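Here's the structure, in structure tokens; my notes come after.
Quick note: numbers below take in every heavy atom, side chains included, and nothing from hydrogens, waters or symmetry partners. Each chain gets a letter, A, B and so on, in the order its sequence line appears, and its residues count up from 1. Since the model is a prediction, treat every value here as computed from it, not as a measurement.
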Protein chains: 2
Amino acid sequence: MTMNATPGTPGSGTTEAPKRRPTINDVAEAAGVSRGTVSRYLNGGKWVSPDAQEAIHRAIRRTGYRANQHARSLVTGRANALAFLLAEPQDRLFADPTYTPLLRGAAEALTRRQMTLNLLVASTPEERENVVAYMAGGHVDGAMLISSHENDPLLDLLLSHGIPVVSCGLPLGRTDTVASVSVDEAGGARAMVAHLRSRGRRRIAMITGPLDQPGGRYRLQGYREELGADFDEALVAHGDWGRESGSAAMTELLARAGDIDAVFAASDAMAAGAMATLRRAGLRVPDDVAVGGFDDSPLAVNLDPPLTTMHQPFDRISAEMVALLLETVAGGEIKSVILPARLVVRAST
Amino acid sequence: MTMNATPGTPGSGTTEAPKRRPTINDVAEAAGVSRGTVSRYLNGGKWVSPDAQEAIHRAIRRTGYRANQHARSLVTGRANALAFLLAEPQDRLFADPTYTPLLRGAAEALTRRQMTLNLLVASTPEERENVVAYMAGGHVDGAMLISSHENDPLLDLLLSHGIPVVSCGLPLGRTDTVASVSVDEAGGARAMVAHLRSRGRRRIAMITGPLDQPGGRYRLQGYREELGADFDEALVAHGDWGRESGSAAMTELLARAGDIDAVFAASDAMAAGAMATLRRAGLRVPDDVAVGGFDDSPLAVNLDPPLTTMHQPFDRISAEMVALLLETVAGGEIKSVILPARLVVRAST
DNA sequence: TACCCTTCTGTGATCGTGCACAATAGTGGG
DNA sequence: CCCACTATTGTGCACGATCACAGAAGGGTA
């Protein structure tokens, strides 16, 4: 019933419009109501009579209607999309297995909310400008900033443009002005050191990440705290997260202190490099030197021996990032969430 | 000069509009031309006098104008965005290092064109429906389909909705109706087998991927072709790309034929699994059994010994995918691009 | 009956852009 | 002097939705 098309249309017979996307007007017509009512139905359904709801529901099914996001965004000013913003230089990202599960988790969390994830890469200063201009252009409602450094110019740019941001990892220097989700870096480091000690190790070295990043700074801090009086400056070397740097740092450590019986690397990749150096030096893992990592990346299980490491709950991190960012966009207050890391014991310790 | 605001507005004094985004009208006013002229300038600049061009250019700089993509998309019907569509079940993607560089490369290629990359995940049938509905809603202009299987229902859905698609890897069963970019699977496999032979190996086994995927099927085909008369059915086992399956396949192979002196695994992860099994069986790599992989993933260099493998040119693949998809969107004919794989010799052979 | 309140519905205005079309000015040929 | 033609510019309309507002229907109270 009421299968009537718009009357008075100059006809090419039966089906005159081959495949035009149905609009809200088509739905309204099919349901016998006005587009205002359909619009209200779509946005919460308040102040719509049960009869109308039923009719509209069926009309939508029948027509296969889906709202045009562009039209919607134009009038509301909201994009229904979030940016996943990668700010690392190329070389690192290529080898970094860390953000893959984050990305995936974020995409899923957004899909569930009928929103979109836009992937943006800002390695160079030029790309940085582009990306910020893009975001300030209203294409997205907010940004998940993945790997931030202390006093990151990108973060400043975003904030100065009033773009809602949630940082993955505590944003050094801006802890109270930016929402963030991070793993308990210091706590994780302490747990690893405690584990190594429980294995009877006494000369525990550390290979840190860059100290201008939270993962670099706080994992070192946890290591230092847990060791307390046993802390020895000579047992600390610095890396850049990557495998090669771990290898180099291990060489340096061995030169400085021959009696090392354990190493805690702030990333699995650096742990892999350290293990290669140890092997080359004729030292066995874990018999002579135990090795612990951080991240629990896919890499860890492929090493020989498989690597003991701190597991990061990437799925929870990404889910929290999305939730927090949406809160921020909605005008909520700035919050920070810290999630626990979990020790995963394998054969390397 | 001409700092006058719109006259007749009931005033709150000097600056009445604190921070409204500049529109094309603001630019037109600032440049002293009409919005039509500005619009023409933005879309190619044809039929705009040099004077006007200059004025508009300066007005844009001064106002900081950026076109509103939503308004633009609303009228043109083009989203200026492409989807990166992941269609694998969860477990596999998590461990798969393959698509990370692809994703990154695609994002960069699009950024360069002032376009956006939307990441979509379709693991479950339900997500599949969602994602297709989303795309059919005009949010994106086309899709890069990452890991397709033979007679993939997702691919069918996309095609039936008229969504332009480029497949990463030859789409089995639809080779001539879908644009695709792939590596020379068979050629790569042949190169690896030839390499193993050049090392003096004669009993070369293979661990394949799923045969309903191009990488599974064609790498096996290349292996078979290169071996010719030496091909022996007993030396072929099947895996699912993952490490565990490689481990299991190797066990099976050793049980079937004790005289194996080389293995070609269709993925680095499976090669890693195979190496673990070989070690457990007391066989040395490469002394007793040489091992070759495929992908040149970050994993390869971390194995012990480092893995000889076929390098996939991910950066070129992603660039070609974007280019091809945009051609398809623009109505170009369906094309397929095949890129060469390159042998990377390391210590495992 | 008159009035207000609640619940539901329809209509006009609006978002910022591209596009078709008309209008204008300048140029050269007949 | 008129016409055709090109180069350039301005203007109305459409895209598809949300939102504010006004109006209609029904029910309770003075």
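In this model, no donor atom of one side chain and acceptor atom of the other lie less than 3.5 Å apart for B/R21 and B/T63.
Each of B/L145, B/V165, B/L82, B/V181 was checked for a side chain to side chain contact (heavy atoms under 4.5 Å, CB included) with B/L325, and the lone residue meeting it is B/L82.
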Q. Base, backbone or nothing for each nucleotide of nucleotides 11-22 of chain C, written B, S, -, heavy atoms under 4.0 angstrom, 5' to 3'?
A. BBB-BBBBS---
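Distance A/Y41 OH to C/dT7 P: 21 Å, rounded to the nearest Å. Atom CH2 of A/W47 and atom P of D/dA20 are 11 Å apart (whole Å). Atom CZ in A/R78 sits about 15 Å away from atom C1' in D/dA17, given to the nearest Å. Nucleotide D/dA7 holds its P atom 14 Å from the CD atom of B/Q53, rounded to whole Å.
Across every non-hydrogen atom of A/L154 and A/A122, the tightest pair is CD2-CB, 4.5 Å. When all heavy atoms of B/V178 and B/P171 are compared, the closest pair comes out as CB-CG, 3.9 Å.
Note on A/R174 versus A/D156: salt bridge recorded, some NZ/NE/NH1/NH2 to OD/OE distance being below 4.0 Å.
To the nearest 0.5 Å, atoms CZ (B/R72) and CD1 (B/I24) are separated by 8.0 Å. The distance from the CZ atom of B/R113 to the CD atom of B/E108 is 12.0 Å, given to the nearest 0.5 Å.
For the side chain to side chain donor-acceptor pair (under 3.5 Å) condition, the pairs that include at least one residue of residues 129-142 of chain B, sequence neighbours left out, are A/T116-B/Y134, B/N118-B/Y134, B/Y134-B/H139.
DNA chain D forms stems at C:1-30 with D:1-30, each a run of 3 or more consecutive Watson-Crick or G-U wobble pairs whose two key distances fall under 3.5 Å.
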